[in-house]
Amino acid sequence: VRPWAFGEALRRGATAVGLRKLLADAGVTVTLIDGLSSGLPGMPDPASMDGETRARMPPDVLEPPGEELCFRTAGELGAGMLNVAAYRGSQVPLEVMADAIGGICRRAAPHGILVELEFLPESGIPDIGHAVRLIELCGEANCGLTLDTFHLGRSGGGAEDIRGLPGGIIGGIQIGDRD
């Protein structure tokens, strides 16, 4: 679930209880909140996008949700994972990003939330190796990896990168078959 959509539903009069009932009636279990990018170092101000790009972006890219809404969405809908991605961000020193991610993990832990890093080419977390180094550097037990097969291929990674991962580091998998 995207936290922006949850917040928008509440703004339009829905209740968390009502949303949970709709999900339960449909047989849907929410496991992942996707996602958090605000507050990460190297993230550009959405206002800096050119008008054409801004027109193509969804509202949650233009106004990325903060931790509070992400944690609330996870808690209200029973999700145990929060995807964190530096979408559109630039790379910063590993220690700087790891410190920021460690802070998110520490604030998420009391909510029972696992923080999953998603790497995306041309972002602040550009590939699987970078994501693994950040997870190791942040040193938090509730930090893991979202493995998106589309982004793995786009970043030049492959099966050998997956085989080389430390055991238990993958918290979630997104399977994509886009060209």
Side-chain angles (χ1 to χ4, degrees), residues 1-7 32-71 73-74 81-109 113-158 160-162 164-166 169-176 178-179:
V1 169
R2 297 179 77 90
W4 184 89
F6 175 78
L32 174 79
I33 303 305
D34 191 21
L36 179 65
S37 63
S38 63
L40 292 175
M43 296 302 294
D45 180 347
S48 67
M49 280 190 252
D50 65 84
E52 184 178 317
T53 302
R54 285 182 64 80
R56 290 192 319 265
M57 292 290 134
D60 52 344
V61 170
L62 299 174
E63 296 177 35
E67 282 182 20
E68 183 178 324
L69 180 57
C70 290
F71 294 166
T73 305
M81 293 186 286
L82 172 61
N83 204 43
V84 173
Y87 175 65
R88 295 184 48 252
S90 59
Q91 287 186 46
V92 298
L94 279 168
E95 296 78 15
V96 172
M97 184 66 85
D99 185 56
I101 291 167
I104 294 168
C105 290
R106 288 186 294 279
R107 291 184 294 277
I113 297 172
L114 301 174
V115 173
E116 304 298 327
L117 300 187
E118 183 174 5
F119 60 92
L120 302 97
E122 302 171 8
S123 79
I125 307 173
D127 57 44
I128 195 168
H130 199 94
V132 169
R133 286 190 296 281
L134 287 170
I135 293 164
E136 292 170 346
L137 276 174
C138 92
E140 299 296 329
N142 64 330
C143 191
L145 178 71
T146 294
L147 177 62
D148 183 312
T149 60
F150 175 61
H151 297 316
L152 179 67
R154 288 189 330 124
S155 65
E160 66 283 353
D161 295 296
I162 298 169
L165 290 173
I169 198 169
I170 298 174
I173 298 175
Q174 296 178 357
I175 299 173
R178 293 190 252 171
D179 296 331

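Numbers here are sequence positions counted from 1.
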Can you measure from [atom1] ([X]) to [atom2] ([Y]) and round to the nearest 0.5 angstrom?
X	Y	atom1	atom2	answer
Glu95	Leu137	CD	CG	6.0 Å
Thr146	Asn83	OG1	CG	4.0 Å
Asp60	Ser38	CG	OG	11.0 Å
Ile162	Glu160	CD1	CD	8.5 Å
Glu67	Ile113	CD	CD1	9.5 Å

Has Asp161 got a side-chain atom pairing as donor or acceptor with Gly158's backbone, closer than 3.5 angstrom?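 Yes, the answer is positive, given that a donor and an acceptor are paired below the 3.5 Å cut-off.
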
Is it the case that the side chain of Glu116 and the backbone of Leu82 share a donor-acceptor pair, with hydrogens and angles ignored and the cut-off at 3.5 Å?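 No; judged by distance alone, with no hydrogens or angles, the pair does not exist.
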
Decide yes or no on side chain to side chain contact (heavy atoms under 4.5 Å, CB included) for Glu140 and Val115, but give the supporting numbers first. CA-CA 9 Å; Glu140 299 296 329; Val115 173; over 6 Å; no

Would you sort out whether Asp45 and Ser48 count as a side-chain hydrogen bond (donor to acceptor under 3.5 Å, both in side chains), showing the intermediate values? CA-CA 6 Å; Asp45 180 347; Ser48 67; 5.7 Å; no

Non-hydrogen atoms of [X] and [Y] that approach each other most closely:
X	Y	answer
Cys143	Ile135	O-CG2, 3.6 Å
Pro65	Leu36	O-CD1, 3.5 Å
Arg107	Phe71	O-CE1, 3.7 Å
Ile33	Cys70	CG2-O, 4.2 Å
Ala85	Leu120	CB-CD1, 3.6 Å
Asp148	Phe119	O-CZ, 4.4 Å

Non-hydrogen side-chain atoms of [X] and [Y] separated by less than 4.5 Å:
X	Y	answer
Gln91	His130	yes
Asp34	Gln174	yes
Leu147	Ile128	yes
Pro64	Met43	no

Side chain to side chain contact (heavy atoms under 4.5 Å, CB included) evaluation trace for Cys105 with Ile101: CA-CA 6 Å; Cys105 290; Ile101 291 167; 4.2 Å; yes

Over 12 foreign heavy atoms within 6.0 Å of CD, Glu52: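 Counting other residues, nucleotides and ligands, CD of Glu52 stays at 12 neighbours or fewer.
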
Go through it in stages, so that I can follow the logic: the residues are Leu40 and Val92, the test is side chain to side chain contact (heavy atoms under 4.5 Å, CB included), and I'd like the CA-CA distance, side-chain angles, deciding distance and then a yes or no. CA-CA 10 Å; Leu40 292 175; Val92 298; over 6 Å; no

